[in-house]
Number of protein chains: 2
Amino acid sequence: MFEKVQLCPVMRGVPLNELEILFKSMHFNIHQYDTNQMVIESGADCNSLMILIEGEVRGEMPDQAGKTVKIEDIAAPRPIAPAFLFGQNNKCPVNVIANIPTRVLFIPRNEFLKLLQQNTTILTNYLNIISSRSQFLSGKIKFLSFKTLREKIAQYIYELSGENLKTIFTGKSQEELAEFFGVARPSLSRTLKEMENEGILKTERKYITILDREKLSRLIS
Amino acid sequence: MFEKVQLCPVMRGVPLNELEILFKSMHFNIHQYDTNQMVIESGADCNSLMILIEGEVRGEMPDQAGKTVKIEDIAAPRPIAPAFLFGQNNKCPVNVIANIPTRVLFIPRNEFLKLLQQNTTILTNYLNIISSRSQFLSGKIKFLSFKTLREKIAQYIYELSGENLKTIFTGKSQEELAEFFGVARPSLSRTLKEMENEGILKTERKYITILDREKLSRLIS
DNA sequence: GTTTTTTTGTAACATATGTTACAATTTCGT
DNA sequence: ACGAAATTGTAACATATGTTACAAAAAAAC
């Protein structure tokens, strides 16, 4: 078991023998779940750090009408909802359901706090995980705050290209890019063509080439 | 000085005498800044936890054209950019500039790590701060992901009203609400009136009354 | 190499929101 | 109580994006 725990981002870098010692003096539980069994329900309190050590779960968001929308799949080994263990709101925002037979390690909040104080590696790991998440979300919001599609495209290219790269590889089809931008596919196609006609860029399947950096920047400023 | 440090969310709840002991065995700096002096420049490394202990600073985002947009004012006592001390990206995302004569306490990352391990209160405070921030950002993104204005309005009312409250107080004028939603003021006014004509809700200055919860939910689902 | 599937381009039209301008109403300051 | 300032309602029109449908092109499967 410790081999798998050790692979989890939270515990990464802690030698196996140290890990065993830490776990010996700590309360924790391991639960098993069958396919489609609920691991934690939306709205339930997150009192423990949950680490998926084996299997795969999905997060589903129940909407007002009671229907559900799948948010993401999480495969072992990874923590589940680490940002909801602390903070003002400890309610789990999604239903977490096992996709396949799954094992989850539960470490109660207080026990985990002790762990954080005993072991610098785990502390920095955890701080890095939730800080990175914040940073990721900040970036996402900055991106969403661009109103027009042209601005979003410009910003997207700017971030991928850095200061001097001329051609970027998106790794996404127009369909996927459109979904990423939150617009309809024909709208993206149209706008890309417009920008091409204006000599700003050129597209070629999953590659975009910048033709006029000056004009591109003006779209963002 | 410790009285002011103690008021900061990170140090809140730590008795004065303990605080003094902790600081005695720790490296830290205090810098003073005059009005309009730069505290930290966008892109600089955040190697230290920065705590504003006196004064007020503003965050300004420099855009591609070199112009700046003010993001927010931060008044003492509060940490500055706590989410960028750890994580993958330690570059400060904004220029931080003193609005008035200001004093900032710098605690190097490693020293702060020690502090976190020595003192449970500070550890939980810090975890709560950055976790809450994540949660806030998550909520913001969920909100931004609603496409139409009607959906945003419905979601907004839903969150403020809870399960059974009929009338909510927004505390914002239409102008401010429109900015919060990221739409033009006349658009908000128009849409609110449409929803009023459909018998969904009723507005009265800064109050919104739900007339038909059923219809309101259908907008979100 | 042909067929099938996926991806992209494009057009016509529908809809939502922005922009501007002004009138009506309410609140605030005195 | 009065006038000034802020807030809200509303209309006409501009623009951006969505929707649907289909054709063209490229990639993948066979």
Side-chain angles (χ1 to χ4, degrees), chain A residues 69 140-141 143-157 160 167-211 215-216 218-221, chain B residues 69 140-141 143-157 160 167-211 215-216 218-221:
Chain A
V69 187
K140 197 103 187 170
I141 285 177
F143 190 77
L144 286 169
S145 73
F146 286 98
K147 295 245 169 58
T148 69
L149 182 46
R150 295 170 84 92
E151 283 171 346
K152 285 180 184 171
I153 293 170
Q155 172 68 18
Y156 177 76
I157 295 174
L160 274 187
T167 297
I168 62 168
F169 175 65
T170 66
K172 295 187 209 289
S173 67
Q174 271 195 15
E175 177 83 47
E176 292 166 321
L177 251 192
E179 197 196 334
F180 180 72
F181 289 148
V183 300
R185 203 267 310 161
S187 303
L188 175 61
S189 179
R190 173 173 46 201
T191 303
L192 282 174
K193 273 298 148 194
E194 281 169 15
M195 293 171 87
E196 193 163 332
N197 292 336
E198 292 165 33
I200 300 172
L201 49 78
K202 205 176 56 176
T203 67
E204 169 65 32
R205 298 283 141 181
K206 293 179 177 175
Y207 293 87
I208 302 178
T209 303
I210 302 174
L211 298 179
K215 282 185 188 170
L216 198 67
R218 266 207 299 273
L219 284 176
I220 308 178
S221 69
Chain B
V69 187
K140 197 103 186 170
I141 285 178
F143 190 77
L144 285 169
S145 73
F146 286 98
K147 296 247 168 58
T148 69
L149 182 47
R150 294 169 84 91
E151 283 171 346
K152 286 179 184 171
I153 293 171
Q155 172 68 19
Y156 177 77
I157 295 174
L160 274 188
T167 297
I168 63 168
F169 175 66
T170 66
K172 295 187 209 289
S173 67
Q174 271 194 13
E175 178 83 46
E176 293 166 322
L177 249 192
E179 197 195 335
F180 180 72
F181 289 148
V183 299
R185 203 267 311 162
S187 303
L188 176 60
S189 179
R190 172 173 47 201
T191 303
L192 282 173
K193 273 298 150 195
E194 280 169 15
M195 293 171 87
E196 193 162 332
N197 292 336
E198 292 165 32
I200 299 172
L201 51 77
K202 205 177 56 179
T203 68
E204 168 66 32
R205 297 285 142 180
K206 295 179 176 175
Y207 293 88
I208 302 179
T209 303
I210 303 173
L211 297 178
K215 282 184 186 169
L216 198 68
R218 267 207 299 273
L219 285 177
I220 309 178
S221 70

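Every chain is numbered from 1 and lettered A, B, ... according to where its sequence line falls, protein lines coming before strand lines. Side-chain atoms are counted along with the backbone in the values below, which use heavy atoms only and exclude waters and symmetry mates.
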### Query
For A:Lys193 and A:Glu196, what are the C-alpha separation, side-chain angles and deciding distance, and is it a side chain to side chain contact (heavy atoms under 4.5 Å, CB included)?
CA-CA 5 Å; A:Lys193 273 298 148 194; A:Glu196 193 163 332; 3.2 Å; yes
### Task
Return the 5'-most residue of the pair A:Pro186, B:Glu175 with respect to DNA chain D, ranking by each residue's nearest nucleotide.
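Its nearest nucleotide lies further toward 5', so the answer is B:Glu175.
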What's the closest nucleotide to the [X] side chain, out of [options]?
X	options	answer
A:Ser173	C:dT19, C:dT8, C:dA11	C:dT8
A:Arg205	D:dA26, D:dT19, C:dG9	D:dA26
B:Val183	C:dG18, C:dG9, D:dT17	C:dG18
B:Ala184	C:dT19, D:dT17, D:dG9	C:dT19
B:Gln174	D:dA21, D:dT8, D:dT10	D:dT8

### Message
Determine whether a donor-acceptor pair (N or O, by modelled atom type, separation under 3.5 Å) exists between the side chain of A:Thr170 and the backbone of A:Lys206.
### Response
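Looks like yes, one N/O pair under 3.5 Å.
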### Query
Are the side chain of A:Gln155 and the backbone N or O of A:Lys152 linked by a donor-acceptor pair below 3.5 Å?
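Between the backbone of A:Lys152 and the side chain of A:Gln155 there is no qualifying donor-acceptor contact (under 3.5 Å).
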### Query
When only distance counts, do a donor and an acceptor, one from the side chain of B:Arg185 and one from the base of D:dG9, lie under 3.5 Å apart?
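Result: at least one qualifying N/O pair found.
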### Query
Is there a donor and acceptor pair, one atom on the side chain of B:Arg190 and one on the base of C:dG18, closer than 3.5 Å?
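Pair found.
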### Task
Check the angle between the aromatic planes of B:Phe181 and B:Tyr156 and answer parallel, tilted or perpendicular using the 30° and 60° thresholds.
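Perpendicular.
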### A:Phe169 and A:Tyr207 aromatic ring geometry - parallel, tilted or perpendicular at 30°/60° bounds
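Answer is tilted, since the angle falls between 30° and 60°.
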Let me know the distance between [atom1] of [X] and [atom2] of [N], rounded to the nearest Å.
X	N	atom1	atom2	value
A:Asn197	C:dG9	CG	C1'	12 Å
A:Glu151	C:dG18	CD	P	13 Å
B:Lys152	C:dA16	NZ	P	14 Å
B:Glu196	D:dT8	CD	P	13 Å
A:Glu204	C:dG9	CD	P	9 Å
B:Leu149	D:dG18	CG	C1'	16 Å
A:Leu192	C:dG9	CG	C1'	11 Å
A:Tyr207	D:dA26	OH	P	16 Å

### Task
Find which nucleotide of DNA chain C each of A:Lys172 and A:Lys147 is nearest to by heavy atoms, and output the residue with the more 5' nucleotide.
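Its nucleotide being nearer the 5' end, the pick is A:Lys172.
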### Task
On DNA chain C, check which nucleotide each of A:Lys193 and B:Arg150 is closest to and give me the residue with the more 5' one.
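So the residue in question is A:Lys193.
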### Message
Students often get this wrong, so: under 4.0 angstrom with heavy atoms, is A:Ser189 touching a base, only sugar-phosphate, or nothing?
### Response
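Here A:Ser189 touches the bases of the nucleic acid.
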